[in-house]
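Report on one structure; see the data block that follows.
What you see is a predicted model; the values in this text were computed from it and never measured.
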Amino acid sequence: MKNSLELRGRIPLMHEAYDIQHVQEKWLPIWDQIEPFKSGRADDPRPKKYVLDMFPYPSGDLHMGHAEAYALGDVIARYWVQKGFNVMHPIGWDAFGLPAENAAIKRNADPRAWTYENIAVQKASMRRFACSFDWNRVLHTCDPEYYKWNQWLFLELYKKGLAYRKDSAVNWCPDCQTVLANEQVVAGLCERCDNAVTKKKLNQWYLKITDYADRLLDDMSQLEGQWPEKVLMMQRNWIGRSIGAEVKFVIEGRSNPVTIYTTRPDTLYGATFMVVAADSELAAELVAGSGVEADFAKYLDGVKAATDIDRLATDRPKTGIFLNRYAINPVNGEKLPIWASDYVLADYGTGAIMAVPAHDQRDLDFARAMKLDVKVVVDTGEEDPNVTGIATGGDGKMINSGSLNGLSKSDAIAKIIEELAAKDAAIAAKNYRLRDWLISRQRFWGTPIPIIHCPSCGEVPVPEDQLPVELPDATGIDLKPKGSSPLGAIESWVNVPCPKCGAAAKRDADTMDTFFDSSWYFLRYTSVDRHDVAFDKKAVETWLPVDQYVGGVTHAILHLLYSRFFTKVLHDLGHLNFTEPFTKLLNQGMVLMDGSAMSKSRGNLVRLSDELATHGVDAIRLAMVFAGPPEDDVDWADVSPSGSVKFLNRAWRISGDVTSKPGVDFKTGDLALRKVVHKSLHDISFAVESFRFNVAIARVMELVNATRKAIDSGCGPSDPAVREAAEAIAISLSLVAPFTAEEMWENLGHKPAVALAGWPTIDPALLEADSVTAILQINGKILERIEVSPNISDSDLEKLAFANPTISQAVKDAEIKKIITRAPKLVNIVL
RNA sequence: GCCCCCGUAGUCCAAUGGCAGAGACAGAGGACUUAAAAUCCUUCCAGUGUCGGUUCGAGUCCGACCGGGGGCACCA
C-alpha cells in the first residue's frame, strides 16, 4: 500500500518526539513580537470579553496552585479569542501585606525590594507558562500610582459617611500585632498565622458595609446560575439577615425602657427573664446601684479573659449573674428578672434579649442552670421542655398567650407586632450577622489612611491635590510589630500642619487592610495609563462588568463580598453604570498532594519549577485541566503528567503526517472523518463554555485517535479531511497546550500565531449522524438494537419495532398497554 | 447544633430521566526490536454507598439512613 510505504519512510523507527525545552524557547520571543493577546485597540471591531484571573500575592515564585488557576483562566481567555472576541485578560499583583513586611523585618530592609523582586520572578514565570495576559495592562497595588486611588476612594467613602471611626472591642491578633476584620477570623483563629484571636478596645476606621446588607443579599438574584451556588450560599450565611421585631421593656427604676430584638415575638408570653450582654454598656449601667457591683465586676473579668476559642466550645456551660433589677413584660405586666451573661452578644441586635426558655435551647440551658421558670406557650405536640430539657422551637398552636391563643406562629407574630406597635412598644425589625468592615491596620506595608488629626479641627481629610500620601522609605526604621503602626514613630512623616488651620497636627499612622486594594483593582486595569483618574468612566463602561472571573473559593466571602460592596458604592456615587462587578464566577479547587494541602512542613510539597522542567509547560497545563472538573480539588498524586506528554506527542505526530497542502478544499475530504471533526469541534465548544474542560480534552483525545486511525488504516495522510482534523486539533489544543499547538500549526504550513487562527466554522450538515442505534424495549427491558435514520419519525420507528422478529415474538398476542416512542432513540412496549 | 455539596471499575473521572463507559492512569497480552525504551494494537475490571418511593424506564427525580467534604456557629 502506498500509504503504509509512505509512513515507513516518514517516521523513523526510533521514538519520535519534539524537544519540549527547545520548542518553548523557540516560540516565546516570537509571541512577544506578535502580542496575540493585546486587547483594546481603538479600531478593534470585535465584541469585547473581560476575562479576569484573581491577581497573585508576590510571595516567592509561582506554585502548583497558581499553575492550575492560570491554566484554567487561560483556557477561557484563549477560547474567546479563537471565537473572535476582543478579550481583555490582564494581570497584576496584590503587593501590599504582611509577608513582605515580615521578610523586611528579617532582613532589616525596606519591603519594596523584596516585593518587586518577587513580582519580577512571578512575571517571568507567567511568561514561560505562556499565560495569555495582556502585558500592557499590569498593575501593582504597592505603587503610589495605584494606592493614590485607594486614598481617593477612601475619601469618597468618608465624604458619604461610609467611612467612620469608632471605639469598639476589636479582633486582635497578638502574633501579627494588628487588628483583624471579622472576615479574617476563622474559627477564632487569625487567618494569616493561625494564632488565637483576642479582643482589644480600640478606636478604628470602619466601612459601613452593613448599609448595603440588603442590596448585597437581594442582588444575588442577578448572580444565580452564574456564580457557584456554594459561594452564594456562603455570602447569604455571612450576611445572615434575620427578620423579627424590636420590643420595648419598661425597667423598674429606670426612666427609659430597654429594647430587645427577637425573631419570635409570638412567644412573648413565654418570656420568664431578660438577659443583657455582660460586656455591654447597658449591663454596666443596670448594675450600678444594684448592690451586686462587686460580683458583677468579678464575673465580667472572667468573661473578658475568655478567648474566642473558649467561646466557641459547644458544650460550654451557661454562666451569668443576676443584676437585682426587673423588667416588665409589655404583654402581661409580669416582672422579669434581669441577668447578665456572656451568651448574649453586645454587638448583635441591641445586646439584650427576652429569654423564652421553653422555646429556645440556649435560654432553656440558662434557665436550668439558674433555676428560672420555664413557661410553655406553643403547643408543638412535643414533650414538655421542663421534663426533657429540650426546647421546642418549631411551629404549633399558641397557648397561655392571651389574645394569641390558637394562632399559628406566623399569624401570632403579625398579630402581636400590630398590638404592641399600637402602644408604641414594638416595631418589625431586621438584623444582620454582617458587621461593619474594620480597615485600620497597625502595620507599615499598606496604604496610609489619608486623614490628619488636628487638636482643634479633629479629623481632617488630606486635600485631594496632596494625594498620594506616600509611604516613607523604611530603611533603618523598626518595623517590628508592637501594637501601633511603625509610621507613627517616624517624626518627619507623621508630623504635618493641619490642612485647615495650619496648627501642628499628626497623620493617621494606620494603613488600610489590603482587601481595600483588591476591592476595585478590576476597574483599574481598564485605565492603567491614566494618571488623572482612578479609572476612565468610558473605558470601564466598555469593558465592565467582568464577563468571567476565575479564582479560589477562599475568597468567597472576603474579596468577593468587598468587591460587590465597592461596586455598589461607586455606582451610587455616579462612577459606575452597573451594580455587580463579576457576571460569571469560576472557583477552581485546590491542588493537593496525597490528600492534603501541600506544605513544606508536611513534606508533600511539589515544586512547579521541577514539574515544568521534567514534563514541560504544556503537559503540566494539560494535566491540570484534564485532572477533573475545575471546581474539584486536584490530587497531584492521581495525575499523570507523563500521560499528558504522551498524548501531546501523539497529537503532534499527526501534524507531521499530513501530506496535503494548506488551503486544500476540505469539502473533498473523507466524509466519515469530517463528521468526526465537526462533531468534535462542536462538543469541545460546548464543554469549554460549560466549564467541563476535562470533557473538552477527552473529546480532543477522541479526535486524535480517530485521525490516527484514518491516517494508518483509513483514508490516508493525503486526504483533505486529515488536514482539516489536524488543524482542528491544533486550534483546540491552543487553548491548553500553546507550544505544541504552535509547533503543529507550523508543521501544517501556517504562520504563527495559532492562538489567532480562529475557531473553525462548524457545518451543521456534518453534525448529523448517518444512522443511530435505536433500542427496542419490552416493559423497559432492552431486547434489540437496530440502526435507524436520525430523522426517523415516531410512527416509522414503531413500525420497524413491530417488524423486528424478536419484538413480534415477545409481543405475540399479548395485550399492549402502552407504547412509548422516543425517535430515534427507543421504543418501549408495555405489556 | 444549623445549613450546603458529593458518593459510578484498582485510581482520576464521563453519561439533556432512555444501551452504565466518553477520555485517561494503573494492570495484562500482542506486534515491532538482538533487547529495552518509544510507538501501534488488543484486553481485564463496576451495575452506580444502603433501603424505600415516583416513572413505561432512575446513576440521574423524591424521602430516610450510612459515609466523605465544606460553610456558619451562644446571631436571640
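- Side-chain atoms of A:Tyr299 come within 3.5 Å of backbone N or O of A:Thr319 as a donor-acceptor pair.
- Under the 6.0 Å cut-off for aromatic ring centres, A:Phe647 and A:Phe626 do not qualify, their centroids lying 6.0 Å or more apart.
- Judged by Watson-Crick or G-U wobble contacts below 3.5 Å, the nucleotide B:rG59 has no partner.
- Rounded to an integer number of Å, the gap from A:Arg822 CZ to B:rA58 P is 14 Å.
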Chi angles and distances behind the salt bridge (Lys or Arg N to Asp or Glu O under 4.0 Å) call for A:Arg653, A:Asp657: CA-CA 6 Å; A:Arg653 275 194 301 274; A:Asp657 289 350; over 6 Å; no
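- Atom P of nucleotide B:rA38 and atom CG of A:Asp19 are separated by 18 Å, given to the nearest angstrom.
- Taking 90° from 0 as the syn/anti boundary, the base of B:rG30 is oriented anti.
- The P atoms of B:rG47 and B:rC5 are separated by 28 Å, rounded to the nearest whole Å.
- Within the cation-pi definition used here (under 6.0 Å to the ring centroid, within 45° of the axis), A:Lys318 does not qualify as a partner of A:Phe366.
- Considering only side-chain N and O atoms, A:Lys230 lies nowhere under 4.0 angstrom from the phosphate OP1 or OP2 of B:rC4.
- Across all strands shown, B:rU43 forms a Watson-Crick or G-U wobble pair, both distances under 3.5 Å, with B:rG27.
- Counting atom types as modelled, A:Gln361 pairs no side-chain N or O with a base atom of B:rG1 as donor and acceptor under 3.5 Å.
- The base of B:rC74 lies close enough to the side chain of A:Lys318 for a donor and an acceptor atom to sit less than 3.5 Å apart.
- Not a single donor-acceptor contact under 3.5 angstrom links the side-chain atoms of A:Arg692 to the base of B:rA14.
- Spacing between atom OH of A:Tyr432 and atom C1' of B:rA73 amounts to 20 Å, rounded to whole angstrom units.
- Out of B:rC56, B:rC19, B:rA22, the shortest distance to the side chain of A:Glu702 is found at B:rA22.
- Partner assigned to B:rG7 is B:rC66, using Watson-Crick or G-U wobble distances below 3.5 angstrom.
- Counting any heavy atom pair closer than 4.0 Å across all strands shown, A:Leu826 reaches a base atom.
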